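Predicted model only: the values in this text are computed from it and were never measured.
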Amino acid sequence: MLRLVKTLQIQLQSALEKACPEAAKIAHASDTTLNPQLGPASKPEFGDFQVNGALPLAKLLKQSPRHIALAIVEQLQTNKDFSSLCQPPKIAGPGFINLTLTTKCLKEELRIQLKDQRLGVPLVDSAKPVQGNGSVVVDFSSPNIAKEMHVGHLRSTIIGDSLARVLEFRGYSVLRLNHVGDWGTQFGMLITHLKLVAPEALTKANAIDLGDLVHFYREAKKRFDEDIAFKTAARQEVIKLQSGDPLTIKAWKLLCDQSRKEFQQIYNQLDIRLTERGESFYNPYLKQVIDDLDSSKLLVNDDEAKCVFLENISGKDGKPLPMIIQKKDGGFNYATTDLAAIRYRFNPSPEGDGAHRLIYVTDAGQANHFAGVFQIAKRANWIPDYGRIEHVPFGLVQGEDGKKLKTRSGETIRLRDLLKEAVSRAESDLRLRLKEEGRNESESFIMKVSNTIGIAAVKYADLSQNRKTNYQFSFDRMLALQGNTAPYLLYALVRIAGITRKGGGDLDIAIENLDFNELKEWSLIRELLKFDEVILEVEEGLLPSRLCTYLFELSQVFNRFYDQIPVLKANEPQRSSRLALCRLTAQTLKMGLTLLGIPTLERM
RNA sequence: GGGGCUGUAGCUCAGCCGGAUAGAGCGACGGUUUCCUAAACCGUAGGUCGUGGGUUCGAGUCCCGCCAGCCCCGCCA
């Protein structure tokens with residue numbers, strides 16, 4: 001319905017200017033235009049759209065808002081194109097203008113959407129030209145080498161993937177970058193520790209597995225915090241790594257390979273595609289960062305460390321907060337790497353990615369860090385005029401007690417265990433239901449369905465509740481069959497698949513003879529037509545939860561339709577018309593879920 | 001001390017650029033099945049939108065103060 005809204009916007013604009021010439025003159029004088037304030041109706045009984053633009057003009061024109069609304073309506077009714085789209089407008093309340101689309105217009109929109117594989121969502125090329133090479137970087141997941149993926153990586157991975165999918169669907173060339181932690185102090189301490197306790201791990205592939213590595217990492221971290229000599233040795237090791245010492249590099253590569261294999265299993269299970277480009281990738285570009293900052297006079301030596309002092313951000317003492325770019329031991333830290341990454345990602349190919357938008361999906365705790373890094377990048381002129389750089393923050397995953405999610409023994413929950421539990425819970429729910437309903441299904445069916453539901457539930461729960469605030473994790477809630485959950489949405493699709501199986505097999509029906517006469521049909525049509533706008537909202541606001549809310553509402557509207565409106569038993573042309581609605585609902589739900597990274601089922 | 005985020009129904013959360021009587025879901029209570037999967041649908045109850053001011057024709061939404069919770073703040077990422 002995007003095109004339609006655009007058309008209405010233009011018609012309203014013109015009617016408003018004609019109805020209030022004095023106000024229009026004033027607006028033009030200050031180089032603005034009058035805003036009709038067109039928006040979706042706040043309630044179904046108000047129609048499809050509401051126009052609020054009359055209200056703010058009342059004071060200026062010293063007329064009642066209803067009077068102004070009337071003048072606008074009169075202008076609108078002289079426009080034949082408008083009258084073919086909307087029924088006669090109604091003035092309501094203090095001066096709102098309510099618009100209801102004509103059934104002819106709704107049917108035409110529906111027909112267009114039924115014919116469009118993209119369900120009305122425009123490709124970016126036809127929307128507006130993009131500068132740079134049109135690519136978008138989505139930086140997400142980013143686990144640390146030598147550590148297992150845990151709940152902390154869940155949100156970044158799932159949200160980042162979904163955003164990447166939406167942007168790809170819109171036609172951007174998306175770089176899904178896994179900025180893995182494969183560099184830095186942690187590495188120095190791990191290698192130093194392994195040299196002492198398990199040197200074979202540093203020279204031979206597969207000498208130890210990731211579980212052991214995690215164990216060693218914990219020991220190393222403990223020693224690092226307690227033992228000053230160890231700390232110094234670890235820092236030396238980092239310097240060796242950063243300066244390319246062959247033995248250290250070899251050990252480092254082995255550790256990375258080991259971790260990579262493990263990560264890949266999780267990504268396969270979640271159906272997530274990523275390009276690994278760890279922190280180490282930017283090693284050759286770090287020096288340039290220092291030089292650039294130095295030549296633009298941003299770099300300051302402070303207590304032997306090289307820093308940039310931030311503007312408008314002060315530290316404990318009230319003085320500007322420094323960001324350390326090079327430590328006094330000569331080592332670089334994550335701020336340096338992040339700056340090098342920004343520079344590289346905006347730089348044109350071949351010395352960079354030529355991106356026009358950078359998106360970072362990390363926890364909200366890093367908000368200050370990114371604010372600082374982005375500020376420095378701006379001041380150093382590394383962000384082109386058309387460039388956009390955004391931090392997409394998210395809150396902690398908490399347990400149902402409101403505290404940080406942990407195992408009973410108080411340890412961090414491994415991602416693989418969490419996914420396993422979701423699937424096994426889905427499986428026992430399913431087996432119970434099959435028994436209750438006396439259904440007989442094959443083991444492969446049970447495995448496929450429980451796997452799909454389990455993973456879908458975890459993903460959907462996270463995406464639908466996406467906000468900056470913390471997120472309360474609950475298996476019971478996410479696997480519930482009712483409410484705003486993945487199983488509820490999947491079930492709506494299964495119902496449609498049922499119709500297809502039982503007789504609507506060729507959903508490739510004629511769409512020229514659509515005939516609707518039920519309120520529940522029109523509600524479904526109106527809901528289906530909102531899809532394109534929702535996708536653009538997600539693209540702009542980077543909030544997958546908007547898409548989730550929409551899909552849930554669509555499922556609800558469909559279930560109401562399904563409950564009361566017979567499809568297969570209806571006479572023609574209703575039967576074909578309703579089948580068309582079912583087909584489009586299925587396509588929309590499927591497409592929406594795909595954009596969330598969630599696969600669908602025919603039966604469950 | 002400074003900064004960020006959050007505070008909406010018993011619980012979990014929506015609420016778009018400020019717009020009409022603040023919405024869902026869960027839970028509670030009650031109803032619906034000769035019919036395409038009832039894993040559904042319908043109804044009832046439940047609110048000082050943390051709090052006090054301000055701006056505005058109009059504030060859950062914007063501004064300021066206060067209270068509470070979480071997070072970040074120089075050589076970890």
Side-chain angles (χ1 to χ4, degrees), chain A residues 35 37 39-43 46 50 52 55-59 65 92-96 98 142 144 181 183-186 189 221 224-225 235 279 302-307 312-318 321-329 331-335 337-338 362-369 371-372 393 395-396 398 400 402 429-430 433 437 439 464-465 467-472 474 476-477 480-485 487-488 490-492 494-504 533 537 541 545-546 548-549 552-553 556 559-560 562-564 566-569 582 603-604:
Chain A
N35 184 359
Q37 298 193 22
S42 58
K43 288 187 177 188
F46 298 149
Q50 60 185 56
N52 302 341
L55 293 146
L57 295 175
K59 204 179 182 185
F96 299 105
N98 292 335
S142 310
N144 287 321
W183 211 242
T185 310
Q186 40 153 46
M189 65 196 196
K221 170 81 175 137
F224 185 84
D225 291 338
R235 289 219 172 108
E279 295 171 351
D302 192 73
D303 195 16
E304 295 174 63
K306 288 179 181 164
C307 324
N312 303 320
I313 302 176
S314 49
K316 282 177 188 167
D317 47 9
L321 189 72
M323 189 159 256
I324 292 172
I325 310 296
Q326 188 166 23
K327 300 187 280 194
K328 65 178 163 193
D329 64 7
F332 303 106
N333 59 14
Y334 71 126
T337 309
D338 282 346
T362 79
D363 68 282
Q366 297 191 48
N368 289 345
H369 164 69
L396 287 175
Q398 297 177 321
E400 288 179 78
D429 284 357
L430 178 63
R433 195 160 309 107
E437 294 172 8
R439 282 168 64 188
S464 64
Q465 241 176 238
R467 275 186 73 191
K468 293 170 195 172
T469 144
N470 296 340
Y471 151 56
Q472 209 175 92
S474 160
D476 288 334
R477 268 205 297 271
L481 309 160
Q482 54 279 107
N484 189 5
T485 65
Y488 180 87
L490 291 174
Y491 177 60
V494 163
R495 285 181 130 180
I496 301 173
I499 293 176
T500 313
R501 266 199 310 278
K502 291 259 168 92
E533 275 189 271
E537 271 179 49
S545 58
R546 281 227 198 295
C548 294
T549 305
F552 175 57
E553 279 164 5
Q556 278 185 312
N559 275 330
R560 284 172 201 144
Y562 181 93
D563 197 56
Q564 297 205 357
V567 176
L568 294 178
K569 291 192 173 166
C582 289
R603 296 196 304 127
M604 64 192 273

Using a cut-off of 4.0 Å on non-hydrogen atoms, how would the nucleic acid contact of [X] be classed: base, sugar-phosphate, or nothing?
X         : answer
Gly498(A) : sugar-phosphate
Asn368(A) : base
Pro487(A) : nothing
Pro56(A)  : base
Ala58(A)  : nothing
Asn35(A)  : nothing
Arg546(A) : sugar-phosphate
Met323(A) : nothing
Asn98(A)  : base
Asn333(A) : sugar-phosphate
Gln50(A)  : base
Gln564(A) : nothing

Given [options], identify the nucleotide with an atom nearest to the side chain of [X].
X         : options                : result
Gln465(A) : U12(B), A39(B), G19(B) : U12(B)
Ile324(A) : C75(B), U37(B), A77(B) : C75(B)
Lys59(A)  : C57(B), A20(B), A77(B) : C57(B)
Glu279(A) : G19(B), A77(B), C16(B) : A77(B)
Phe552(A) : A24(B), G4(B), C41(B)  : A24(B)
Asn144(A) : C75(B), A77(B), A39(B) : A77(B)

Asp338(A) and His369(A): side chain to side chain contact (heavy atoms under 4.5 Å, CB included), yes or no, with the steps? CA-CA 10 Å; Asp338(A) 282 346; His369(A) 164 69; 2.6 Å; yes

Please state the [atom1] separation for the pair [N] and [M] - nearest whole angstrom.
N      : M      : atom1 : result
U12(B) : G58(B) : P     : 35 Å
C57(B) : A20(B) : C1'   : 14 Å
U44(B) : U37(B) : C1'   : 28 Å
C70(B) : A9(B)  : C1'   : 23 Å
A40(B) : G52(B) : P     : 41 Å
G2(B)  : G47(B) : C1'   : 36 Å
G7(B)  : U51(B) : C1'   : 11 Å
U55(B) : C71(B) : C1'   : 31 Å

Compare side-chain N and O positions of [X] against OP1 and OP2 of [N] and report whether any pair is under 4.0 Å apart.
X         : N      : answer
Lys468(A) : C71(B) : no
Tyr491(A) : A38(B) : yes
Gln556(A) : G25(B) : yes
Gln482(A) : A40(B) : yes
Lys502(A) : U37(B) : yes
Arg235(A) : C76(B) : yes
Arg495(A) : A39(B) : no
Lys221(A) : C76(B) : no
Tyr488(A) : C41(B) : yes
Arg439(A) : U37(B) : no

Taking the nucleotide of RNA chain B with the closest heavy atom to each, which residue, Ala92(A) or Phe224(A), is nearer the 5' end? Ala92(A)

5′-ward residue of the pair Ala497(A)/Thr469(A) relative to RNA chain B: Thr469(A)

Quick one: [atom1] on [X] to [atom2] on [Y], what's the gap to the nearest 0.5 Å?
X         : Y         : atom1 : atom2 : result
Leu481(A) : Arg433(A) : CG    : CZ    : 4.5 Å
Thr500(A) : Arg495(A) : OG1   : CZ    : 13.5 Å
Asn368(A) : Leu321(A) : CG    : CG    : 8.5 Å
Glu279(A) : Asn333(A) : CD    : CG    : 10.0 Å

Whole-Å gap separating C1' (C16(B)) and CD (Glu553(A)): 13 Å

Any-strand Watson-Crick or G-U partner of [N], both distances under 3.5 Å:
N      : value
U55(B) : none
U48(B) : none
A24(B) : U12(B)
G43(B) : C29(B)
G7(B)  : C67(B)

Is the closest side-chain donor-acceptor distance between Asn559(A) and Tyr491(A) under 3.5 Å? no

Mark this stacking check for Tyr562(A) against A40(B) as yes or no, applying ring centres under 5.5 Å and ring planes under 30°. no

Is the ring centre of Phe96(A) under 5.5 Å from the base ring centre of G19(B), and are the two planes under 30° apart, so that they stack? no

How close do Met323(A) and Ala335(A) get, heavy atom to heavy atom, and via which atoms? CG-CB, 4.0 Å

Heavy-atom donor-acceptor pair, Gln50(A) side chain to Ser42(A) backbone, under 3.5 Å: yes

Does Thr485(A) use its side chain to pair, donor to acceptor, with the backbone of Ala480(A) at less than 3.5 Å? yes

Under the 3.5 Å rule, do the base of A39(B) and the side chain of Asn559(A) count as making a donor-acceptor pair? no

